[in-house]
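Everything on this sheet refers to the single structure shown next.
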Amino acid sequence: MIVSDGEMAASRSQGGNDELGAAASRLSGAQSVLVLTGAGVSAESGVPTFRGAGGLWREYKFEDLATPQAFARDPKLVWEWYAWRRETIAALSPNAAHVALAAMERRVPGFRLATQNVDGLHAAAGSRRVLELHGSLWRLRCVGCGHAVEDRRVPLPDLPPRCACGKLLRPDVTWFGEMLPQAAVAEAVAAARAAEVVLVIGSSQLVYPAAGLPEIAQARGAFVIEVNTEDTPLTPSADVSLRGTAADLVPALVPGLA
Ligand code: OAD
C-alpha cells in the first residue's frame with residue numbers, strides 16, 4: 001500500500017488509524033525487527049546518496065574510484081576520493097532517523113540493523129547492533145597482510161597510507177566486483193529469517209545481496225515496511241510503503257518519539 005506525501009501529511013494531521021499508524025503498531029508489537037538502511041537514511045545529515053539527483057555516481061565513475069582495479073591502477077586517486085568523503089562526513093551528525101533507530105534498538109529484544117552505509121552515523125547515534133554490509137570508511141585494511149585498523153584521523157597524514165608491513169592500506173569498504181564481509185551477511189540473513197518485521201529505509205533496492213533481505217524475511221511471513229522518498233523495486237511487494245523522508249517518518253514509527 002502506497003501513501004503519498006500529501007496523503008501522509010493529511011492522515012498524520014488527522015491522527016487517524018492510517019498506514020503510518022499501522023506500521024508503527026506492527027513495530028511496537030514486534031519482538032524481532034530487522035532494519036535495512038541505505039544512503040537515504042543519511043541524506044538529511046548531508047551525506048550524498050549514490051543515485052538520483054546529486055548522487056555520487058552521477059558525478060563520478062565508480063570504475064575509476066570504487067573497484068580493486070582502480071585502486072591497483074591509481075591508489076592515490078582512489079584515496080583522494082575516500083579522503084574527501086571522510087572529511088565531508090566527519091563534519092556531519094546523525095539525523096532524527098538515526099536517533100530513532102537507536103531508540104528502537106533499546107525497545108526491541110531481537111533487533112538488528114543492517115546498513116549499506118559506510119559513514120558510521122548509526123553508531124554515532126548510539127546504535128550498537130549494526131551490521132555494516134559494505135564496510136566502513138573509518139577502517140583501513142592492508143592489501144598485503146590483511147590487518148584492519150580503525151583510523152578516524154581527518155585528514156590522514158599521508159596518501160596513500162601504508163601498513164606497518166610496508167604494503168598499502170585501502171579503505172575497508174566493499175568495492176564493485178568484491179564479496180561482502182561474509183560474517184555480516186550471514187548475520188543479516190539470519191536476522192531476516194527470524195524477523196517479524198523488516199523496515200527498509202532510504203535504500204534504492206538495486207544492489208544485492210542487501211536488496212534481497214526483505215524477500216528472505218517475507219518468505220517466512222515477516223511484515224515489510226518501506227520508508228523512501230520514491231518508489232523502488234521493493235514498493236510493490238512491501239506491506240506498507242511510506243513516501244517521505246527518513247528524518248520525518250522514522251521517528252513517527254517509534255512510540256514516544258514523534
Ligand atoms: P542509492 O543512492 O542507490 O539510493 C538512495 C535511496 O534513498 C533512493 O531510493 C532514494 O529515493 C532514497 N532517499 C533519498 N533521500 C531520502 C530521504 N531523505 N529519506 C528517505 N529516502 C531517501 O543508495 P543505496 O541504496 O544505499 O555500494 O545504494 C546501495 C549501494 O550502491 C551503496 O551502498 C553503494 C552504492 O554503489 C557500494 O559502494 C558497494
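As the structure lists them, so they are numbered: ligands from 1, and atoms in each ligand from 1.
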**Prompt:** Between Leu253 and Leu27, what is the shortest heavy-atom contact and its length?
**Reply:**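 Closest heavy-atom pair between Leu253 and Leu27: CB-CD1, 3.8 Å.
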Would you mind running through ligand 1 and noting each atom that sits below 4.0 Å from a heavy atom of [X]?
X: Phe176; answer: 36 (O)
X: Thr245; answer: 18 (N), 19 (N)
X: Gly38; answer: 26 (O)

**N/O donor-acceptor pair under 3.5 Å between Ser32 side chain and Glu196 backbone** =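 Checking the backbone N and O of Glu196 against the side chain of Ser32, a donor-acceptor pair under 3.5 Å is found.
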Would [X] and [Y] count as having a side-chain donor-acceptor pair, cut-off 3.5 Å?
X: Thr235; Y: Glu226; result: yes
X: His98; Y: Ser93; result: no
X: Ser45; Y: Asn95; result: yes
X: Arg243; Y: Ser241; result: yes

**Request:** Classify the angle between the aromatic ring planes of Tyr82 and Trp79 as parallel (below 30°), tilted (30 to 60°) or perpendicular (above 60°).
**Result:**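 Geometry flag for Trp79 against Tyr82: perpendicular rings.
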**Request:** Please state whether the rings of Trp57 and Phe50 are parallel, tilted or perpendicular, taking 30° and 60° as the class boundaries.
**Result:** tilted
**Message:** My understanding is that we take every heavy atom of each candidate and find the minimum distance to atom 26 (O) of ligand 1. Doing that for Ala246, Ala39, Gly135, which one comes out nearest?
**Reply:**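 Answer by nearest heavy atom: Ala39.
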**Heavy-atom nearest neighbour of atom 37 (C) of ligand 1 within options Arg51, Glu44, His134** = His134
**Item:** Contact check: Ala43 vs ligand 1, nitrogen or oxygen atoms, below 3.5 angstrom
**Value:** no
**Request:** Using distance alone, determine whether Val207 and ligand 1 share an N or O pair under 3.5 Å.
**Result:** no
Considering only non-hydrogen protein atoms, determine which one is nearest to [atom] and report residue, atom name and distance to 0.1 Å.
atom: atom 5 (C) of ligand 1; value: Gly202 O, 3.6 Å
atom: atom 4 (O) of ligand 1; value: Ser204 CB, 3.4 Å
atom: atom 38 (O) of ligand 1; value: Thr174 O, 4.2 Å
atom: atom 36 (O) of ligand 1; value: Trp57 NE1, 2.9 Å
atom: atom 9 (O) of ligand 1; value: Asn228 ND2, 3.0 Å
atom: atom 13 (N) of ligand 1; value: Thr229 OG1, 3.4 Å
atom: atom 17 (C) of ligand 1; value: Gly40 O, 3.4 Å
atom: atom 29 (C) of ligand 1; value: Gln116 OE1, 3.4 Å

**Request:** Give me the one residue out of Val240, Val198, Leu199 that meets side chain to side chain contact (heavy atoms under 4.5 Å, CB included) with Phe223.
**Result:**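 Exactly one pass, corresponding to Val240.
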**Prompt:** Are Arg141 and Glu178 close enough for a salt bridge, meaning some N to O gap below 4.0 Å?
**Reply:** no
**Message:** Could you check whether any heavy atom of Ser203 sits closer than 4.0 Å to an atom of ligand 1, since that is the contact criterion I want to use?
**Reply:** yes
